[in-house]
Number of protein chains: 2
Amino acid sequence: MRARSTTASDPTVLERLRGAGLRPTRQRLALARLLFARGDRHVTAEALFTEAKQHRVNLSLATVYNALHDFTGKGLLREIVLDSNRSCFDTNTSDHHHFYFERSGRLEDIPAEQVRIAALPQAPDGASVSRVDVIIRVDG
Amino acid sequence: MRARSTTASDPTVLERLRGAGLRPTRQRLALARLLFARGDRHVTAEALFTEAKQHRVNLSLATVYNALHDFTGKGLLREIVLDSNRSCFDTNTSDHHHFYFERSGRLEDIPAEQVRIAALPQAPDGASVSRVDVIIRVDG
DNA sequence: CTTTAGTTTAGAATTGTTCTAATCTACTTG
DNA sequence: CAAGTAGATTAGAACAATTCTAAACTAAAG
């Protein structure tokens with residue numbers, strides 16, 4: 001028998017939320033379980049909402065948006081900008097980049113080490129670089 | 001007296017449209033003049049629409065969207081994805097990247113040569129890379 | 001000219017997201 | 001444990017960017 005990771009009250013997820021200073025409500029716990037149970041994931045708000053409903057989690061779409069933003073604000077997620085009409089969130093918050101399969105919409109992580117950026121231009125006038133995003137768009 | 005570049009029927013712009021296989025209508029000519037008269041520009045649909053109105057060009061917002069997409073389809077423009085809630089179009093269609101000043105929303109081009117990407121990972125399974133986008137987000 | 005295929009348009013519709021204000025609930029303190 | 005309270009959730013309205021629709025228009029070809 002397997003561990004029922006989506007229904008059991010998972011102490012890891014609970015601590016993860018508390019550790020981030022987020023009150024571990026029923027809704028956040030459920031979403032966090034969906035997001036962090038498996039390995040790295042890329043989700044949109046709508047997709048996560050649908051998934052939650054499929055798992056009989058009772059919550060509203062607004063809560064999904066709130067949770068995704070709260071999680072992102074606390075560094076549990078990272079927002080990726082791919083399409084100019086939907087936001088995507090990544091459970092992998094370490095430094096990395098992406099392959100974007102334009103046909104299917106699928107995303108694949110690229111470890112930061114695999115992309116070496118040489119000769120970065122001066123960030124003009126004391127402006128500090130907050131992040132470098134590399135998106136490799138592929139047809140496949 | 002200066003050349004009235006926005007009102008004169010500019011043969012360059014006209015040929016540019018025709019060369020791209022786009023019927024040179026009054027609206028497209030006006031937009032093309034605004035876009036290509038000066039050097040490289042980054043515009044959103046709304047911003048271009050506003051600018052057109054300021055120049056007493058009579059057209060609808062839908063036409064601006066149509067024109068931007070048609071121009072992009074013919075390689076006269078390039079779409080940049082920065083924000084997940086508005087599309088931006090770049091008159092510089094050559095290979096290059098961007099500084100994105102998150103505070104002001106300003107964009108600055110980085111010539112492709114200045115960003116050397118080493119050790120690109122395999123594009124999985126015969127998938128061909130259609131484009132590599134590098135966005136350097138700066139606070140300034 | 002006339003025809004026709006491509007273009008424009010106003011406004012409605014759609015989509016993704018945020019807001020609002022009422023209700024609820026996790027946590028603190030007594 | 002019983003309040004009290006700050007924070008969270010919610011349904012639905014509101015919003016912003018974009019696309020759609022179907023009718024009217026127009027550039028180019030015949």
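Chain letters run A, B, ... following the sequence lines, proteins first and then strands; every chain starts at 1. The analysis underlying the following values was restricted to heavy atoms, covering all of them including side chains, and did not include hydrogens, waters or symmetry mates.
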Rounded to whole Å, the CG-P distance (B/Asn85 to D/dT19) equals 13 Å
Just N and O in the side chain of A/Thr63: are any of them under 4.0 Å from OP1 or OP2 of D/dT9? no
Charged N-O contact under 4.0 Å between A/Lys53 and A/Glu51: no
Taking the side chain of A/Arg28 as heavy atoms from C-beta outward, which of D/dA17, C/dC27, D/dA8 is closest to it? D/dA8
When you check the phosphate oxygens OP1 and OP2 of D/dG7, does a side-chain N or O of A/Thr25 lie under 4.0 Å from one of them? no
OP1 or OP2 of D/dT19 under 4.0 Å from side-chain N/O of B/His69: yes
Whole angstroms only, please: what is the CG-P distance between A/Leu61 and D/dA11? 10 Å
Whether B/His96 and B/His98 hold their rings parallel, tilted or perpendicular, with breakpoints at 30° and 60°: perpendicular
Are B/His97 and B/Asp133 linked by a side-chain donor-acceptor pair shorter than 3.5 Å? no
For A/Leu59 and C/dT25, what is the distance between atoms CG and C1' respectively, to the nearest whole Å? 15 Å
Over how many whole Å does the gap from B/Phe89 atom CZ to D/dT18 atom C1' extend? 10 Å
What is the distance from CZ of A/Phe49 to P of C/dT15, rounded to the nearest Å? 16 Å
Closer than 4.0 Å, any side-chain N/O of B/Gln27 to the OP1 or OP2 of D/dC25? no
With no hydrogens and no angle check, do the side chains of B/Asp109 and B/His42 hold a donor and an acceptor under 3.5 Å apart? yes
Of B/Thr44 and A/Gly21, the one whose closest DNA chain D nucleotide lies more 5': A/Gly21
What is the nucleic acid contact for B/Asn58, judged by heavy atoms within less than 4.0 Å: base, sugar-phosphate only, or nothing? sugar-phosphate
May I ask you to decide if A/Phe71's main-chain N or O and A/Arg28's side chain share a donor-acceptor pair within less than 3.5 Å? no
Would you please confirm or rule out a distance under 4.0 Å between OP1 or OP2 of D/dA27 and any side-chain N or O of B/Arg26? no
Output yes when at least one side-chain N/O atom of A/Tyr65 is less than 4.0 Å from OP1 or OP2 of C/dT18, else no. no
Between A/Asn66 (CG) and D/dT10 (P), how many Å, whole number? 9 Å
Rounding to an integer number of Å, can you tell me how far B/Glu79 CD sits from D/dA17 C1'? 12 Å
Just N and O in the side chain of B/Arg86: are any of them under 4.0 Å from OP1 or OP2 of D/dT18? no
Distance, rounded to the nearest Å, where B/Leu29 contributes CG and D/dT26 contributes P: 14 Å
So, OP1 or OP2 of D/dT18: does either fall under 4.0 Å of a side-chain N or O from B/Ser87? yes
Heavy atoms under 4.0 Å, any strand shown: does A/Arg23 hit a base, just sugar-phosphate, or nothing? base
